[in-house]
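Take a look at the structure below.
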Amino acid sequence: MSPGDPMPDPSDLLEWYDRHARDLPWRVPPAARKAGVAPDPYRVWLSEIMLQQTTVAAVRDYFLKFTARWPTVTDLARAEDADVMAAWAGLGYYARARNLLKCARTVASEHQGRFPTDHATLLTLPGVGPYTAAAISAIAFDRPETVVDGNVERVMARLHDEHQPLPQSKPVLTRYAEALTPDTRPGDYAQAVMDLGATICTPRSPACGLCPWRSDCAAWDAGTAAELPKKSPKKRKPTRFGIAYLARRVDGAWLLERRPERGLLGGMLGWPGSDWGDAPFEAPPIRAEWKALPEDARHTFTHFHLRLSLRTALVPMDRTPERGEFIPAEAFSPDDLPTLMRKAHALASKG
DNA sequence: GACTCGTGGGC
DNA sequence: TGCCCAAGAGT
């Protein structure tokens with residue numbers, strides 16, 4: 001920070017937030033907050049975990065489903081692993097769901113079912129990193145912590161016309177954000193900066209004409225808002241190949257397998273099959289007359305494309321699988337599977 | 001610091 | 001179609 005740097009007024013943003021705060025299921029609106037309504041730390045924590053690298057639109061229904069089924073952190077702590085993983089299926093980044101349960105059980109057993117209020121203690125919880133610790137402390141407990149997510153990075157890069165690319169610029173953007181964090185209404189302020197980034201100071205075609213901080217924005221002055229923040233170039237994704245075996249028993253049961261805790265889709269149910277690489281091979285998980293499907297399941301993960309070759313078979317009752325276990329038709333729903341495995345199921349059921 | 005780790009929507 | 005992006009954390 002140096003003299004002459006833009007110094008926007010947090011009050012201007014709070015005033016904007018009072019008029020334009022989005023209506024979100026996990027949010028206590030500013031008027032209610034002023035009237036003394038305190039957020040439920042459980043709901044704040046749950047929403048923040050779900051929102052990691054995930055859009056509000058994708059999270060909304062999952063949040064409602066989870067809070068209806070597990071209204072408190074102790075309810076969640078008592079849940080079966082398989083039930084939570086199934087409820088999370090489709091939302092992605094499944095380590096979050098595993099850590100969600102670990103965290104709920106830690107809060108229940110070591111913190112008397114109440115979330116810690118301070119940043120340092122929150123950081124010790126599974127799945128809670130610097131951003132989420134600050135968000136819970138600020139939003140749930142109205143402490144003056146600085147949240148730095150992708151929105152805040154973008155807003156700060158523009159306010160200061162910072163052209164150094166992310167992630168190298170992260171430390172300086174964090175200092176800019178810290179310098180702005182107010183002692184009054186820090187929880188609303190944290191949500192306000194993120195709302196600004198999500199609705200006005202957007203990645204593409206920002207609506208600078210509507211921005212309460214426009215007159216204090218260096219990128220607005222320079223005409224560079226839309227090209228910030230700069231980011232380091234990304235590598236392109238390779239394509240990997242795999243084989244999956246979808247066995248259906250004559251009584252309708254499906255042969256599924258719980259994936260290892262670590263790694264891609266860790267802890268989720270899936271179809272037995274090969275590893276994913278250049279030239280996969282894997283013997284079938286059960287003796288049967290296997291038929292190759294004409295169409296591969298295609299799916300793109302964060303860092304590679306996958307083409308999954310599918311094999312199907314109808315197997316008699318008296319045969320024991322070498323891998324996985326049969327799940328009865330009435331206990332199976334493709335909604336309990338990660339999206340890739342749903343795609344494979346849809347193709348097998350169609351064919 | 002560099003990787004790994006999902007998914008759906010927008011352009 | 002292909003790339004970018006989204007309230008990041010763990011290793």
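All heavy atoms count here, side chains included; hydrogens, waters and symmetry mates do not. Here is the naming used below: chain letters follow the sequence lines, and residue numbers restart at 1 for every chain.
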List the atom pairs, donor and acceptor, that lie under 3.5 Å between side-chain atoms in residues 295-311 of chain A and the rest of the protein, sequence neighbours left out.
residue, atom, partner, partner atom, Å
A:E295, OE1, A:K350, NZ, 3.4
A:H299, ND1, A:K343, NZ, 2.9
A:T300, OG1, A:H305, ND1, 2.9
A:S309, OG, A:R311, NH1, 2.6

What's [X] touching, base or sugar-phosphate or nothing? Going by heavy atoms closer than 4.0 Å.
X      : answer
A:K237 : nothing
A:K235 : sugar-phosphate
A:L91  : base
A:T132 : sugar-phosphate
A:P130 : sugar-phosphate
A:T339 : sugar-phosphate
A:G263 : sugar-phosphate
A:V128 : sugar-phosphate

5'-most contact on DNA chain B (nearest-nucleotide basis), A:F304 vs A:A58, goes to A:F304
5'-most contact on DNA chain B (nearest-nucleotide basis), A:R262 vs A:R204, goes to A:R262
Comparing A:H305 with A:K231, nearest DNA chain C nucleotide closer to 5' gives the residue A:H305
Assert: residue with more 5' nearest nucleotide on DNA chain C, out of A:Q191 and A:L125, is A:Q191
Expected list for residues 10-29 of chain A near DNA chain C, using heavy atoms below 4.0 Å, is A:R22, A:L24, A:W26, A:R27
Would you call [X] and [Y] a salt bridge, using N to O less than 4.0 angstrom?
X      : Y      : result
A:R105 : A:D81  : yes
A:E282 : A:R323 : yes
A:D161 : A:R158 : no
A:R185 : A:D18  : yes
A:R342 : A:D336 : no

Using atom [atom1] in both nucleotides, what's the gap between [N] and [M] to the nearest angstrom?
N      : M     : atom1 : value
C:dA6  : B:dG1 : C1'   : 22 Å
B:dC5  : C:dA7 : P     : 23 Å
C:dT11 : B:dG6 : P     : 14 Å

Counted 5' to 3', the first and last nucleotides of DNA chain B within 4.0 Å (strictly under) of a heavy-atom of chain A are B:dC3 to B:dG8
Per ring pair (Phe, Tyr, Trp, His ring centres under 6.0 Å), A:W88 is matched among A:F63, A:Y93, A:Y62, A:F66 by A:F66
Give every donor-acceptor pair under 3.5 Å between a side-chain atom in residues 42-50 of chain A and any protein atom, sequence neighbours left out.
residue, atom, partner, partner atom, Å
A:Y42, OH, A:W70, O, 2.6
A:R43, NH2, A:P25, O, 2.8
A:S47, OG, A:R43, O, 3.1
A:S47, OG, A:V44, O, 2.8
A:E48, OE1, A:Y131, OH, 2.7

Taken to the nearest 0.5 Å, the spacing of A:T146 OG1 from A:H119 NE2 works out to 9.0 Å
Tabulate below the donor-acceptor pairs under 3.5 Å that side-chain atoms of residues 261-278 of chain A make, not counting sequence neighbours, or state none.
residue, atom, partner, partner atom, Å
A:W271, NE1, A:M341, O, 3.0
A:S274, OG, A:I243, N, 2.9

Notebook entry, point to check: For the hydrophobic clusters of this structure (ILVMFWY residues joined by side-chain heavy atoms under 4.5 Å, transitively), does one cluster hold both A:M7 and A:L14?
Noted result: yes
Contacted region of DNA chain C by chain A, from 5' end to 3' end of the hits, cut-off under 4.0 Å to heavy atoms, spans C:dC5 to C:dG10
Are side-chain heavy atoms of A:R96 and A:N99 found at a separation under 4.5 Å?
-> no
